[in-house]
Number of protein chains: 2
Amino acid sequence: MPKVRQDALRGAAIQAIKDTARHLMAEQGTAGLSVRGIAKALHLTPPALYTYFTSLDDLITALITDNFNALADTLEHARDALPVEDPVAQLEAVMNAYRQWAVDHPVDFQLNYGNPIPGYHAPREITVPAVVRSFVVIVGLIERIVQSERYAPNPPYDTIPPHLQPALRRVITEGGYPVSELALYLSVSGWGEIHGIIMLELFHHIQALVGDTATYYQEQIRRMMRAFGIRPKG
Amino acid sequence: MPKVRQDALRGAAIQAIKDTARHLMAEQGTAGLSVRGIAKALHLTPPALYTYFTSLDDLITALITDNFNALADTLEHARDALPVEDPVAQLEAVMNAYRQWAVDHPVDFQLNYGNPIPGYHAPREITVPAVVRSFVVIVGLIERIVQSERYAPNPPYDTIPPHLQPALRRVITEGGYPVSELALYLSVSGWGEIHGIIMLELFHHIQALVGDTATYYQEQIRRMMRAFGIRPKG
DNA sequence: ATCGTAAAGTTTACGGTGTAAAGCAATCTT
DNA sequence: AAGATTGCTTTACACCGTAAACTTTACGAT
């Protein structure tokens with residue numbers, strides 16, 4: 001089956017294109033992402049890339065998908081590096097890994113969670129499942145914590161906003177996730193909070209206010225967990 | 001002084017350019033922002049715009065500055081529409097106005113708080129003071145609340161993270177703002193939280209999870225205030 | 001009232017972008 | 001060995017920001 005070898009070659013070419021795209025973006029930001037730039041770096045003519053991607057948007061979508069998966073991999077790895085017996089420590093590690101990935105790959109993070117490319121709009125049916133993978137890591141941990149003795153309901157986060165309940169229930173049943181509505185609610189809340197801090201940091205809006213953003217973030221997620229009713233220490 | 005009239009004409013031209021820029025962006029997103037597009041809409045040749053702006057970046061900076069001021073105006077207006085005797089209600093109104101402005105002007109909000117234009121980077125010395133104007137509205141209200149009987153310290157938000165204190169103190173003394181470190185800390189925390197929710201909403205990441213984002217936001221800021229130790233009702 | 005000047009706008013041009021169309025050469029399939 | 005497919009090049013088009021030179025308009029001072 002030479003077809004296999006050829007498919008492998010094609011896969012390698014696609015990988016090379018994505019690698020140089022990422023490399024150029026790392027150097028010059030999203031402005032460095034251009035068909036012609038990639039082609040030049042690969043010693044090809046620009047239209048040659050259209051053998052592998054139908055358009056620049058198509059390439060961007062591929063990059064975004066990879067990013068979401070890389071982020072999810074990182075979170076899962078951070079979770080699995082700690083003992084299952086301490087889900088609180090795992091959650092803290094995962095949230096720190098979330099920020100760390102964003103700080104280490106700012107352009108990629110923006111590509112996914114901002115909208116940095118004029119004219120480009122990510123196809124929902126591709127990005128939504130990819131986002132879910134990361135989110136599931138957080139929800140899974142919070143679910144285990146909520147069911148453990150490390151959790152003690154703490155107002156105002158001890159109840160689910162009534163208006164929110166139907167939506168949460170629908171997500172759980174339709175998605176088939178075996179989690180409680182409370183765990184899902186706390187996850188959404190927490191996600192919004194860490195996302196906000198990270199976005200403000202990425203665009204340099206809070207450095208002047210808080211100084212060291214890493215320790216600020218660290219402290220805030222600890223406090224957030226406490227406010228949620230999650231006890232630190234084992 | 002005919003000079004005055006000419007300056008007025010020049011001002012009107014600049015305003016017309018900014019208006020059409022905003023109009024094009026509202027229709028086609030940040031991709032619609034182009035010198036040539038604006039020129040065509042105004043029945044001018046592209047280089048003619050360089051009489052009023054030295055570059056496209058220059059125009060973008062002007063738009064961003066206007067946005068920050070418009071947002072700050074909106075917040076101040078929301079604050080002043082309610083009696084001074086109820087700073088808690090004022091704060092809630094201001095935070096709702098913050099989201100409402102973002103929802104009403106999504107592209108403008110992205111232009112300010114995202115980084116949607118490849119190759120463009122906002123000059124810090126211009127944007128920072130503009131950001132401060134909005135932030136000051138929030139800090140001012142929280143300061144008044146903290147000093148009132150509506151505030152009762154509530155763990156874990158009753159203390160300031162030790163690492164954070166020097167930075168906050170420096171901001172207060174150097175900026176000359178007559179606010180307590182606690183008010184500033186709570187403001188930063190709150191800002192990060194509402195910012196995160198709004199960003200996730202703008203890029204359609206939480207709609208599937210929470211359904212009605214407006215009521216979710218509303219509920220979350222109420223809970224956040226309670227967690228901070230701010231009592232609702234008068 | 002006129003002249004010099006400055007401002008506003010034009011034309012032209014250069015180098016950049018994404019990508020469609022056609023053609024060529026090598027390789028795989030039968 | 002013949003035909004089809006794949007990878008790639010050449011050419012071309014329509015867009016982009018903006019620099020340079022030139023023309024037109026309107027003003028301020030003499």
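The figures that follow rest on heavy atoms only: side chains count, while hydrogens, waters and symmetry mates do not.
- Remark: the B:Glu201 side chain and the B:Gln207 side chain contain no N/O donor-acceptor pair separated by less than 3.5 Å.
- Atom CZ of A:Phe53 is separated from atom P of C:dA20 by 16 Å (rounded to the nearest Å).
- Among the candidates B:Val139, B:Val171, B:Ile142, B:Leu168, the single residue satisfying the side-chain contact (heavy atoms from CB on, under 4.5 Å) test with B:Val179 is B:Val139.
- Screening A:Phe135, A:Tyr113, A:Phe109, A:Trp101 against A:Phe68 for a ring pair (Phe, Tyr, Trp, His ring centres under 6.0 Å) leaves a single residue, A:Tyr113.
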Using a 3.5 Å cut-off and no angle test, enumerate the donor-acceptor pairs between side-chain atoms of residues 71-78 of chain A and protein atoms at least two apart in sequence or in another chain.
| residue | atom | partner | partner atom | Å |
| --- | --- | --- | --- | --- |
| A:Asp73 | OD1 | A:Arg133 | NH2 | 2.7 |
| A:Thr74 | OG1 | A:Ala70 | O | 2.8 |
| A:Glu76 | OE1 | A:Arg133 | NH2 | 3.3 |
| A:Glu76 | OE2 | A:Arg133 | NH2 | 3.3 |

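- For the OP1/OP2 pair of C:dA21 and a distance below 4.0 Å, the side-chain nitrogens and oxygens of A:Tyr50 include no atom meeting the criterion.
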Heteroatom pairs (N/O) under 3.5 angstrom, protein to nucleotides 9-16 of chain D:
| residue | atom | partner | partner atom | Å |
| --- | --- | --- | --- | --- |
| D:dT9 | OP2 | A:Thr45 | N | 2.9 |
| D:dT9 | OP2 | A:Thr45 | OG1 | 2.5 |
| D:dC16 | OP1 | B:Ser34 | OG | 3.3 |

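- Atom OH in B:Tyr120 sits roughly 12 Å away from atom P in D:dT18 (whole-Å rounding).
- Judged by distance alone, the side chains of B:Ser189 and A:Gln220 do bring a donor and an acceptor atom under 3.5 Å apart.
- Atom CD1 of A:Ile38 and atom C1' of C:dT17 are 13 Å apart (whole Å).
- Checked options B:Ile197, B:Leu200, B:Val210; the residue passing with A:Val188 is B:Val210 (criterion: side-chain contact (heavy atoms from CB on, under 4.5 Å)).
- In summary, the side chains of B:Gln100 and B:Asn96 do not present any donor paired with an acceptor at a separation below 3.5 Å, with no hydrogens or angles considered.
- Between the side chains of A:Tyr120 and A:Thr61, at least one donor N or O lies within less than 3.5 Å of an accepting N or O.
- A:Tyr52 has its OH atom 18 Å from the P atom of D:dT5, to the nearest Å.
- Looking at residues 14-27 of chain A, you'll see that no heavy atom sits under 4.0 Å from any atom of DNA chain C.
- In this structure, A:Arg10 reaches the D:dG7 phosphate: one of its side-chain N or O atoms is under 4.0 Å from OP1 or OP2.
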